[in-house]
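To start, the structure itself, in structure tokens.
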Amino acid sequence: MRLPTGLPAGHVDQDRPLHGRHGVRSLLFLLHMNPIHRSRKDTSHHSGEERGTGRIFPSRASRWLVAALTVSTVCFCPEAAVAQSTGEPGSGVESRSPVSSGSPDSPGSLAFPDSPTPPDGPELSAPPADIECPLGHIGEVVIDNHSVFDLPAPGRLSRFEWAYRLANAFHMRTEEQVIANEILLRPGDCYDPNTLSDSEHLLRAMSFISDASIYGIRMPDGTVQLRVDTRDEWSTRVRPAVRIDGNIGLKGLWITEDNLLGTGNHLEAFFDDGPGEAEFGVSYYNPQVLGSRWDLTLSGAQTGVGYSFHQSAVYPFVGETGRFAFRQTIERRDQYFELLVPWENNTLGRIWVPEGRNLFEVGAAVRWGQERYHHTVLGAAVVGERVRYPEDELPVSDPPEVGSAPLPVEWYPASSVRLVLVTGQRNAYFVRRHAIDTVNGNEDVLLGAEAEVMLGPTLPISRDQDMMVGVRLATSGEPMGSVLLGGDVSFEGRRISRDTRGLPEWQDVIAEGNVWGYARPGPGSRHLFVGAVAALGGWRSRGPFQLSLGEVSGLRGFPRHADPGGQRVVGSLEYRTYLGWPYRDLFDTGTVVFLDAGRIWPGNAPFGESVFRTSAGIGLRTAFPPGSRQTFRLDIGFPLTHRTDSGGITVSIGMGQTIGRMGTRNVAQLDRSIRYRLSISDFESRGLAP
């Protein structure tokens, strides 16, 4: 049973959604109004009662009344229809479609309507005038959390009903309290469409939520009932790492549960038979520690040269209303660093150099701004970092003869404690777009501009004395309704203020750049053209640094270890098609045709080469269930300008797209060499990080 706050039992049948063919409509009281931002409040004192899959959080004044009526009253009103928004965030009462993301019969385009047409039906009275809350107060919150699949209605036959039931049986639905913890409005708060938009972002940013929609319904007593509509993602994944580059074998295995027992916790066990070492480990992530906004991450692993451990606690900026953030990290990493060496008969040898890293960090940030999505951020952190190359651990090589000669470079250990300052400006907002980097799902896309600057002088107690400098610029936009363009560029380095080893003034310089574009032939088209140019490189590194042209984010027609060097540029074109068959009600399927071209330069990386290569190929993209944002990738590439020892074909398997908006942030060879860096995005909440 469910009673809206403040309504007598005789009026329960008026609880109808403000949309749909048989629904009723209120005045568009959400449009052209000045919303009132409210901060997040603690939800631990709220209670509720279950009805179907929803849970109600009544206002404090009616809690005892609802509890008493629950015992003696039965609600005969039908279950309200569940719907989601397809309009722009914060636009108020919107036209809505079923929760399932994307329709195979009518695939979306890059453009969405800016002003949804209100549904037909009689109008309710306008909200009462209230200076404090011009749109009215929240009366109650109803949560309807769907499992992976909706079962067919009684009397309707579906050939996949057995599969739906089986998938739902093996999936544990997200607990309603986990969803409630991400909603930034509570009963008694002022209704604010913008804050609801932030709540949607927070929910959709969770890896175990496929889609989320929050909307308001005007009740006869003038209050607003919030409807929270979510669908779970398939949260259990087994991800093998397989490479076919001359030899076929399993290189790694990751078993992941993103929504452990429906609590939103992440648990992963992994085996990585990486270069020169076999690594075993486990990781744990809790996005709501004790129901709060704190995030906790723990991981540990046994490596070939020692062990690794990571612990971090983060309180991020919450939506657009959060003004403060905090982060703390402790980390140790013992690893082998793989170096590629040109060897006999156009093959490559390998050298694995042992390396150890230790890190601690404590930081905080504050942000302010006069307009929504326009923020200035100032953050600071005290960071201790140590990088060492154990003398008692000798490099390992394959074949053994590769490591018999001394390395042509020398690496220097680092030890520093520094104060890092970061400041930046963000003038950007989110829009909902369909099937950009997913097969047929909805995505939040950030449009606008961002800029940030990082400075990190070492403290006098440090052995090293230098100044860390970093700059990042990013922009994106939609010059036309079916075209999405953007790019970003970043630079970081360390300027030595005191050196006794004769090193260059600037060290550990890394630069990255990525320009991308998406174009759809027209609204409703199943086809998408994607182009990207990604450049990155390193100069004057005190530690090991080496890239290769044949890498997952490089040329897909070459083995991962092909063509080492210090700087590279890769251009890619993709033609993506959503098929809509077979079994479109069970999973999404799409194809990719790609063309890659790239060049690498030796720089000061050891054993670097200077070559130009091109490759082409085809790929398969799938997502389970339909509308999922988790994209499974299979690419088959072949070289156009140079055959390799793999017989001319390279097969790679992974998750997510290889080119586009993520760009150089997916380059594992760069991540292994980057020392500590602090960015504004490190303080952003999961829902608002670019």
Side-chain angles (χ1 to χ4, degrees), residues 2 17 38 40-58 79-85 89 96 98-101 138-150 168 171-187 189 191-192 195-217 224-235 257-266 285-295 316 318-319 321-322 442 444 625 627-629 685-688:
R2 172 168 52 83
R38 283 300 189 113
R40 183 181 184 88
K41 296 184 178 180
D42 182 22
T43 64
S44 60
H45 64 279
H46 292 291
S47 61
E49 64 174 5
E50 294 187 6
R51 185 186 66 86
T53 59
R55 185 176 298 273
I56 291 83
F57 297 88
E79 180 75 9
V82 178
Q84 75 169 9
S85 164
R96 302 178 184 278
V99 165
S100 298
S101 301
I138 305 297
E140 63 176 353
V141 178
V142 178
I143 296 177
D144 199 354
N145 54 326
H146 296 250
S147 190
V148 179
F149 288 101
D150 274 338
N168 288 346
H171 172 79
M172 186 162 291
R173 189 177 304 184
T174 304
E175 293 182 358
E176 293 168 6
Q177 189 59 46
V178 174
I179 298 173
N181 289 342
E182 297 298 314
I183 303 170
L184 305 180
L185 289 176
R186 289 292 179 266
D189 289 349
Y191 184 88
D192 183 358
T195 304
L196 293 190
S197 175
D198 294 345
S199 302
E200 288 184 344
H201 288 297
L202 294 172
L203 286 171
R204 289 194 292 259
M206 290 182 159
S207 59
F208 52 87
I209 297 294
S210 174
D211 210 345
S213 176
I214 308 177
Y215 56 96
I217 299 176
V224 179
Q225 181 191 86
L226 289 189
R227 288 296 181 94
V228 183
D229 209 12
T230 67
R231 177 171 301 284
D232 279 2
E233 188 78 76
W234 182 259
S235 57
E257 174 54 59
D258 274 338
N259 195 6
L260 185 64
L261 302 178
T263 62
N265 292 339
H266 164 102
Y285 171 66
N286 186 343
Q288 299 175 354
V289 179
L290 299 178
S292 70
R293 291 300 311 176
W294 284 89
D295 303 344
V318 180
T321 61
N442 294 326
D444 290 335
S628 171
R629 292 176 296 160
S685 64
R686 297 177 302 276
L688 299 184

ask   = Can you name the side-chain contact (heavy atoms from CB on, under 4.5 Å) partners of Glu175, sequence neighbours left out?
value = Val178, Thr263
inquiry  = Show the nearest heavy-atom pair for residues Gly264 and Pro287, with the distance to one decimal.
reply    = O-CD, 3.3 Å
query = If you round to the nearest 0.5 Å, how far is OG1 of Thr230 from CD of Glu200?
reply = 11.5 Å
remark   = Hits for side chain to side chain donor-acceptor pair (under 3.5 Å) against Asn168, two or more places apart or cross-chain, chain-then-number order -> Ser147
note = By side chain to side chain donor-acceptor pair (under 3.5 Å), Thr174 pairs with (sequence neighbours left out) Asp232, Asn259
ask   = Measuring from Leu261:CG to Asn265:CG, what's the distance to the nearest 0.5 Å?
value = 8.5 Å
request  = Evaluate side chain to side chain donor-acceptor pair (under 3.5 Å) for Asp258 paired with Ser207, printing each intermediate quantity in order.
outcome  = CA-CA 7 Å; Asp258 274 338; Ser207 59; 3.3 Å; yes
ask   = Is there a side-chain contact between Ile179 and Leu203, using heavy atoms and a 4.5 Å cut-off?
value = yes
task = Find out whether Asp295 and Val289 are in side-chain contact, i.e. whether some heavy atom of one side chain is under 4.5 Å from a heavy atom of the other.
result = no
task = Could you tell me whether the side chains of Glu182 and Ser199 share a donor-acceptor contact shorter than 3.5 Å?
result = no
Ring pair (Phe, Tyr, Trp, His ring centres under 6.0 Å) against Phe208, all qualifying residues, sequence neighbours excluded = none
remark   = Looking only at heavy atoms, the pair that brings Gly139 and Pro187 closest together is O-CB, 3.9 Å
request  = Return the minimal non-hydrogen interatomic distance between Ala212 and Arg204, and the atom names on each side.
outcome  = O-NH1, 2.8 Å
query = Does any non-hydrogen side-chain atom of Leu260 lie less than 4.5 Å from one of His266?
reply = no
inquiry  = Using side-chain heavy atoms (C-beta onward) and a distance below 4.5 Å, is Asp444 in contact with His201?
reply    = yes
ask   = Name the one of Val228, Leu184, Ile214, Ile138 that satisfies side-chain contact (heavy atoms from CB on, under 4.5 Å) with Leu196?
value = Ile214
query = If you take all heavy atoms of Ser210 and Ser628, which pair is closest and at what distance?
reply = OG-CA, 4.2 Å
inquiry  = Set out, in order, the CA-CA distance, both residues' side-chain angles and the distance that settles side chain to side chain contact (heavy atoms under 4.5 Å, CB included) for Arg629 and Glu233, then state yes or no.
reply    = CA-CA 8 Å; Arg629 292 176 296 160; Glu233 188 78 76; 4.2 Å; yes
message = Using side-chain heavy atoms (C-beta onward) and a distance below 4.5 Å, is Ile143 in contact with Ile183?
response = yes
key: Heavy-atom check, side chain of Arg173 versus side chain of His146, under 4.5 Å   = no
ask   = Side-chain contact, heavy-atom cut-off 4.5 Å: Tyr191 with Leu226?
value = yes
key: Min side-chain heavy-atom separation Pro625-Phe149 under 4.5 Å   = yes
message = Looking only at side-chain N and O atoms, does Gln288 offer a donor or acceptor that is under 3.5 Å from a partner on Gln177?
response = no
request  = May I have the step-by-step check of side chain to side chain contact (heavy atoms under 4.5 Å, CB included) for Arg293 and Leu202, ending in yes or no?
outcome  = CA-CA 11 Å; Arg293 291 300 311 176; Leu202 294 172; 4.0 Å; yes
note = Rounded to the nearest 0.5 angstrom, the CG-CG distance for Asn442 and Asp211 is 5.0 Å
